[in-house]
Protein chains: 2
Amino acid sequence: MKSTNLYKGSLVTIILKLLNEHDKMYGYEITQKVKEITKNELQLTEGALYPALHKLKAKGLLDVEISRIGNRVRKYYRLTEAGTKETVDKLAELESYIKNMRALVNPKFRGE
Amino acid sequence: MKSTNLYKGSLVTIILKLLNEHDKMYGYEITQKVKEITKNELQLTEGALYPALHKLKAKGLLDVEISRIGNRVRKYYRLTEAGTKETVDKLAELESYIKNMRALVNPKFRGE
DNA sequence: TTATTATGCATAATTTTCTTATATATTACT
DNA sequence: AGTAATATATAAGAAAATTATGCATAATAA
């Protein structure tokens, strides 16, 4: 992530969730979607994104479909069944993390 | 962090916030406080905690006060003025991060 | 009384996950 | 013609953890 360089470990969750929502996406599209949703506050770096996509593919969580737009190559990624399951887990993990951080940082949120 | 090994970068925020709240604390006390607040869901590892404390000290964000309880050594840390300022920044950063993650992960939270 | 658990700090080696920099190529805009 | 946007990729390095040790004191359980 760029500009606000924050909280390593959340990139995979972002990728999985966006793919879960949009069926298939290519790398550059993901970077633009993140910029759009976060109003430029979060910017994915290619150096993090592409290796992450390759790793998710290698783990069997994503499938790739190569497409050509004119002479330009695009690689569309989509969730496999295992990827969909992993998405559920990662989202639960994120909610749990946010809940814990809120409790730590805001005494109001403690002990509910 | 242990068990839920998640979101590198938030340890410093946790330390600063707890010190902001409790005036002075020692390392082990911080680990126990985090376990207590998060009901054992987050556990700090010493291998992360102590180097982080030393680094914050080196940066001038913390002061140390060595105390002896019987024959056992304790190192109490407290925020410096710069540390208090940094705490404000880190907390704002966390809120911003949570806001962005919520928007990414939950379409309901987009565009407000 | 002796072994285990809890308290308390610390560092080294390794791993994970980023950033930064670089590379290449196509297409659109000025 | 030159720059910006589109599109993917990898290598080098930094940051921030985990894991594995190590040492020592105090309290508790067997």
Side-chain angles (χ1 to χ4, degrees), chain A residues 1-16 24-36 40 42-59 61-62 64-77 90 93-94 97 100-101, chain B residues 1-16 24-36 40 42-59 61-62 64-77 90 93-94 97 100-101:
Chain A
M1 264 162 259
K2 208 157 47 184
S3 80
T4 43
N5 62 330
L6 213 31
Y7 305 115
K8 308 183 179 185
S10 43
L11 176 58
V12 166
T13 307
I14 294 171
I15 293 171
L16 292 178
K24 71 171 183 176
M25 294 182 90
Y26 56 99
Y28 187 76
E29 192 183 7
I30 293 174
T31 67
Q32 298 310 300
K33 198 48 125 179
V34 168
K35 279 175 70 171
E36 180 201 320
N40 291 313
L42 248 66
Q43 275 173 260
L44 305 190
T45 57
E46 316 93 317
L49 177 66
Y50 292 111
L53 288 171
H54 301 161
K55 203 173 168 187
L56 291 170
K57 165 85 170 51
K59 274 182 166 179
L61 302 178
L62 302 183
V64 193
E65 173 199 324
I66 292 166
S67 121
R68 284 209 162 60
I69 310 296
N71 270 333
R72 187 182 285 162
V73 175
R74 262 188 205 167
K75 296 195 178 173
Y76 279 98
Y77 291 89
K90 283 287 183 190
E93 213 172 59
L94 175 65
Y97 166 77
N100 284 324
M101 286 305 290
Chain B
M1 263 162 263
K2 208 157 46 183
S3 80
T4 43
N5 63 331
L6 212 31
Y7 304 113
K8 306 181 180 186
S10 41
L11 175 59
V12 166
T13 307
I14 294 171
I15 292 171
L16 292 178
K24 71 171 182 176
M25 295 181 90
Y26 55 99
Y28 187 76
E29 192 183 5
I30 293 174
T31 67
Q32 298 310 299
K33 198 49 126 178
V34 168
K35 279 175 70 172
E36 180 201 320
N40 291 314
L42 249 65
Q43 275 173 259
L44 305 190
T45 57
E46 315 94 316
L49 178 65
Y50 292 111
L53 288 170
H54 301 161
K55 203 172 168 187
L56 291 170
K57 165 87 170 50
K59 273 182 167 181
L61 302 177
L62 301 184
V64 194
E65 174 200 323
I66 293 167
S67 121
R68 283 208 164 61
I69 310 298
N71 269 333
R72 189 182 284 161
V73 174
R74 262 185 205 169
K75 295 196 178 172
Y76 280 98
Y77 292 89
K90 282 289 181 188
E93 213 172 59
L94 176 65
Y97 167 76
N100 283 324
M101 285 306 290

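Atom set for the values below is all heavy atoms of this structure, side chains included, hydrogens, waters and symmetry mates excluded. Proteins come first, then strands; the chains are lettered A, B, ... in the order of their sequence lines, and each starts at number 1.
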Worksheet item: Pick the nucleotide of DNA chain D nearest each of B:G47 and A:Y50; which residue has the one closer to the 5' end?
Response: A:Y50
Worksheet item: Within the structure, does a side-chain N or O atom of B:K55 lie under 4.0 Å from either OP1 or OP2 of D:dA15?
Response: no
Practice prompt. Quick one: sort the A:Y76 and A:Y26 rings into parallel, tilted or perpendicular, breaks at 30° and 60°.
Written response: perpendicular
Worksheet entry | Pairwise side-chain contact, A:I14 with B:M101, heavy-atom cut-off 4.5 Å (strictly under) | yes
Practice prompt. Write down the distance between CG (B:L56) and P (D:dA17), rounded to a whole number of angstrom.
Written response: 10 Å
Discussion item. Using the side-chain heavy atoms of B:H54, tell me which of these nucleotides is nearest: C:dA6, C:dA10, D:dA26.
Written reply: C:dA10
Worksheet item: Any side-chain N or O of A:Y26 under 4.0 Å from OP1/OP2 of D:dA7?
Response: yes
Worksheet item: Which of the following nucleotides, C:dT7, D:dT8, C:dC18, is nearest to the side chain of B:Q32?
Response: C:dT7
Discussion item. Heavy atoms only, 4.0 Å cut-off, all strands: where does B:R72 land among base, sugar-phosphate and nothing?
Written reply: base
Worksheet item: Taking CE from B:M25 and P from C:dC9, how many angstroms apart are they, rounded to a whole number?
Response: 11 Å
Discussion item. Quick one, A:K35 and A:L42 - any side-chain contact, counting heavy atoms below 4.5 Å?
Written reply: no
Item to complete: Give one of base, sugar-phosphate or nothing for B:G27, where a contact means two heavy atoms less than 4.0 Å apart.
Response: sugar-phosphate
Worksheet item: Separation of A:L11 atom CG from D:dA17 atom P, in whole Å?
Response: 17 Å
Item to complete: Taking only the side-chain heavy atoms of A:K8 (C-beta and beyond), determine which of D:dA5, C:dG8, D:dA16 contains the nearest atom.
Response: D:dA16
Worksheet item: So do the side chains of B:Y97 and B:S10 get within less than 4.5 Å of each other, counting heavy atoms only?
Response: no
Discussion item. What is the separation between atom CG on A:N40 and atom C1' on D:dA5, rounded to the nearest whole Å?
Written reply: 15 Å
Worksheet item: Starting at CG of B:L44 and ending at P of D:dA16, how long is that distance when rounded to a whole Å?
Response: 15 Å
Practice prompt. Whole angstrom is fine here: how far is it from OH in A:Y28 over to P in D:dA4?
Written response: 13 Å
Response to the item:
When rounded to whole Å, the CZ to P distance for the pair A:R68 and C:dT27 reads 11 Å
Worksheet item: Once you round it to whole Å, what is the distance between P of C:dT7 and NZ of B:K33?
Response: 14 Å
Practice prompt. Output the single nucleotide from D:dA17, D:dA9, D:dA26 whose closest atom is nearest the side chain of B:N71.
Written response: D:dA26
Worksheet, complete the sentence: Walking DNA chain C from its 5' end, the first of A:V12 and B:Y77 to be reached, judged by nearest nucleotide, is B:Y77
Worksheet item: Considering only heavy atoms from C-beta outward, does the side chain of B:V34 approach that of A:N100 to under 4.5 Å?
Response: no
